[in-house]
Visitor: 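This structure is in structure tokens; I'll ask about it shortly.
Quantities reported herein were computed from a predicted structural model and do not represent experimental measurements.
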Amino acid sequence: MLAVPEMGLQGLYIGKNPHHSALPHHPFTPAGTETHLQKPEARAPQQASFSVVVAIDFGTTSSGYAFSFASDPEAIHMMRKWEGGDPGVAHQKTPTCLLLTPEGAFHSFGYTARDYYHDLDPEEARDWLYFEKFKMKIHSATDLTLKTQLEAVNGKTMPALEVFAHALRFFREHALQELREQSPSLPEKDTVRWVLTVPAIWKQPAKQFMREAAYLAGLVSRENAEQLLIALEPEAASVYCRKLRLHQLLDLSGRAPGGGRLGERRSIDSSFRQAREQLRRYRHSRTFLVESGVGELWAEMQAGDRYVVADCGGGTVDLTVHQLEQPHGTLKELYKASGGPYGAVGVDLAFEQLLCRIFGEDFIATFKRQRPAAWVDLTIAFEARKRTAGPHRAGALNISLPFSFIDFYRKQRGHNVETALRRSSVNFVKWSSQGMLRMSCEAMNELFQPTVSGIIQHIEALLARPEVQGVKLLFLVGGFAESAVLQHAVQAALGARGLRVVVPHDVGLTILKGAVLFGQAPGVVRVRRSPLTYGVGVLNRFVPGRHPPEKLLVRDGRRWCTDVFERFVAAEQSVALGEEVRRSYCPARPGQRRVLINLYCCATEDARFITDPGVRKCGALSLELEPADCGQDTAGAPPGRREIRAAMQFGDTEIKVTAVDVSTNRSVRASIDFLSN
């Protein structure tokens, strides 16, 4: 079947007959199009070629970094304690808060930014640009581009790319300074492999956006793009959890994850007797864990056992299903990543809606706009109480209202907040004699319910999938997984069906530590599932009865079917790391400098045409030809007929492409742009 690129493509023709002449008025010349799938064999993860790996867990509500040296990859160094902070909260992460001066220059990040903004005079604060929880904008934006704007608390906007770059630059400088102090002899250039975490449910444009922000921040250069890895958050958690010992896990059912009392061993499948014997000999040996790649829990799992990782973060819940492979302890994804916007910020929004019911939506909007620093104070006060909420807590919770809130309300409404509470229909929030909002535990737990219910529904829907049958273990990770309300609800809903819900002790740092391990051995996740179907639009020979009449195109007496969707990879298809989809393209004109091919995607695997419902243009494959490669008669190839062979990989955390000029065997600069639509 002859396949020709759709009319919107620029400068190429693809077809199975390398000697077919180009269509009149069609800017393409032919080349072979057979797809070559190279399935790499399972192999042990390779060690990184860099001296140190630095991972940045860029979260919705809190962020941090950690690192490890290639000489001792499992010794993970957490960042130094942050200045400032809240009482009773571990400071190994810092709030994802960025403060810029009124002129837009970087001032501070994290606790320093939050506290400085808090201390500004209310009138002065209105001129400063304070950003918080801005990562969610990247997830929710349906038309994300490099020009997307972010709104600060005071309502002013600036390019989102600059906001993210400011934050990443802060972490870069902070991490490099600490590395210099710990290892003064460490060379500066090409020493660090950087890892950025993103939700697994993020689409390709959002991943590319983070990479572009990293370039702008100076983490890596475009010429050394391989120095930056994008890690998927639940994958990172999975990589870390597979290293854990039994005493580092909490089974919410009350059982030890090993099946008996804490620290007790159970018998295991005969196929793992050798691993059990090694663990018995070296159970105190760190070296064994490095060599085997698995911790005690995994050594006790049977071959092919499956488990779910539920990453419950500040902005999203991210679910992935993995299968542990032997003999190298690699991981295989069994179902494409799923989830949704059910993070801890959902509880914050529920609290804001509660305030709107009591004081009026118009007042809350005005207060946020005119007293932005005071609004931040109020959210901090709520966050402190939210962390203490639990399903069995008996006493009420007091939430401090900033004096500026009380004063501003009286001036705006002509009566005090106590009167507003009495007049409102909300009877489970009272005004305490200490001048605070007094909320019953039941009321606080109600604020959690929409978000918690969304998480449980997503997990239950995942478990109902045929690909996920047989799962017996669920790891609950992420910052929101620290919540006793969430832990209790998930255990109550899923424990009854035989699912063991397990929480790592350092649950809030699981993703960060796992990202470091992933950076040291990125081949640990050997197989992934493609979340979407990807392909290009082509012309095929028209076949009556098979192709609709409205797709018929006649040129020079030849009958073509337009808009045919030629698939590269299907949604939910298993794709191994390193597996390639190959296509060959030819420049149409002598001296042509660029070949551009539109990419299309959809959520189903049965789309036939690029005009089908749900199919959309999602990006463009670009092949940049060097001047010396353009229009010259090399190795007997006629001008404009040079074959450029592109190899695309869909099994990594990002879609990757490489290309080579077949006649010269030289690399061609190739890239896929998902942000220019």
Visitor: How long is the straight-line distance from CZ of Phe164 back to CD of Glu212, given to the nearest 0.5 Å?
Guide: 13.5 Å
Visitor: Say whether Thr533 and Tyr600, considering side chains only, have a donor N or O and an acceptor N or O under 3.5 Å apart.
Guide: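 Short answer, no.
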Visitor: Report, as yes or no, whether the 6.0 Å neighbourhood of atom NZ on Lys137 holds more than 12 heavy atoms from other residues, nucleotides or ligands.
Guide: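 For Lys137, atom NZ is not crowded (no more than 12 foreign heavy atoms under 6.0 Å).
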Visitor: Examine the side chains of Ser62 and Thr96 and answer whether a donor and an acceptor come within less than 3.5 Å of each other.
Guide: no
Visitor: Apply side-chain hydrogen bond (donor to acceptor under 3.5 Å, both in side chains) to Tyr585 and Glu643, showing your working.
Guide: CA-CA 6 Å; Tyr585 304 107; Glu643 181 181 351; over 6 Å; no
Visitor: Show your working on salt bridge (charged side-chain N to carboxylate O under 4.0 Å, His left out) between Arg583 and Glu566 and close with a plain yes or no.
Guide: CA-CA 11 Å; Arg583 292 291 191 276; Glu566 184 190 45; 3.5 Å; yes
Visitor: Is Arg529 reaching over with its side chain to a backbone N or O of Glu572, donor-acceptor style, under 3.5 angstrom?
Guide: yes
Visitor: Might you point out which heavy atoms bring Leu150 and Ala160 nearest each other, and give the distance in Å?
Guide: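 Scanning both residues, the minimum pair turns out to be CG-CB, 3.5 Å.
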Visitor: Might you work through the salt bridge (charged side-chain N to carboxylate O under 4.0 Å, His left out) test for Lys656 and Glu654, ending with a clear yes or no?
Guide: CA-CA 6 Å; Lys656 297 181 177 180; Glu654 301 172 273; 5.5 Å; no
Visitor: I'd like to know if the side chain of Ser238 reaches the main chain of Pro234, judged simply by a donor and an acceptor atom lying under 3.5 Å from each other, with no hydrogens or angles considered.
Guide: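 No; judged by distance alone, with no hydrogens or angles, the pair does not exist.
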Visitor: Ring centroids only, cut at 6.0 angstrom: are Phe131 and His166 within range, meaning strictly under it?
Guide: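 No: the rings miss the under 6.0 Å criterion.
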Visitor: Strictly distance-based, threshold 3.5 Å: is any side-chain N or O of Asp612 a donor or acceptor partner for the main-chain N or O of Phe609?
Guide: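 At least one qualifying donor-acceptor pair exists.
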Visitor: State, without any angle test, whether Thr320 and Glu235 hold a side-chain donor-acceptor pair at a distance under 3.5 Å.
Guide: no
Visitor: Are side-chain N/O atoms of Gln323 and Tyr307 paired as donor and acceptor at under 3.5 Å?
Guide: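 No, no side-chain donor-acceptor pair sits under 3.5 Å.
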Visitor: Can you tell me if Gln520 uses its side chain to pair, donor with acceptor, with the backbone of Ser68 under 3.5 Å?
Guide: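 Confirmed, Gln520 side chain pairs with Ser68 backbone.
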Visitor: Between Lys93 (side chain only) and Gly508 (backbone N and O only), is there a donor and an acceptor less than 3.5 Å apart?
Guide: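 Side chain of Lys93 to backbone of Gly508, a donor-acceptor pair under 3.5 Å: yes, one is there.
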Visitor: Given ring-ring contact (aromatic ring centres under 6.0 Å, His included), test Phe674 with Phe209 step by step and report yes or no.
Guide: CA-CA 9 Å; Phe674 293 99; Phe209 182 92; over 10 Å; no
Visitor: Could you tell me whether Phe170 and His174 have their ring centroids closer than 6.0 angstrom?
Guide: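 Ring-ring flag for Phe170/His174: true, centres closer than 6.0 Å.
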Visitor: Below 6.0 angstrom between ring centroids: does that apply to Phe480 and Tyr342?
Guide: no
Visitor: Check for me whether the distance between the ring centres of Tyr240 and Phe518 falls short of 6.0 Å.
Guide: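 No, ring centres 6.0 Å or more apart.
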Visitor: How many angstroms lie between CD in Gln208 and CG in Leu675, if you round to the nearest 0.5 Å?
Guide: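 Going from CD on Gln208 over to CG on Leu675, the span is 4.0 Å.
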Visitor: With under 30° as parallel and over 60° as perpendicular, where do the rings of Phe109 and Phe58 fit, or are they tilted in between?
Guide: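 Rings of Phe109 and Phe58: tilted, 30 to 60°.
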Visitor: For the backbone of Leu228 and the side chain of Arg211, can you confirm whether one donor and one acceptor N or O come within less than 3.5 Å of each other?
Guide: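 Indeed, once roles are kept as given, a pair shorter than 3.5 Å links the two residues.
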Visitor: Gln573 and Ser530: side-chain donor and acceptor closer than 3.5 Å?
Guide: no
Visitor: Only one of Arg593, Arg669, Arg594 passes salt bridge (Lys or Arg N to Asp or Glu O under 4.0 Å) with Glu624; say which it is.
Guide: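 For Glu624, the salt bridge (Lys or Arg N to Asp or Glu O under 4.0 Å) check succeeds only for Arg594.
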Visitor: Assess, by modelled atom type and distance only, whether the side chains of Asp606 and Thr604 contain a donor and an acceptor separated by less than 3.5 Å.
Guide: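 Yes - a donor-acceptor pair under 3.5 Å links their side chains.
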Visitor: Are more than 12 heavy atoms from other residues, nucleotides or ligands located less than 6.0 Å from atom CD of Glu605?
Guide: no
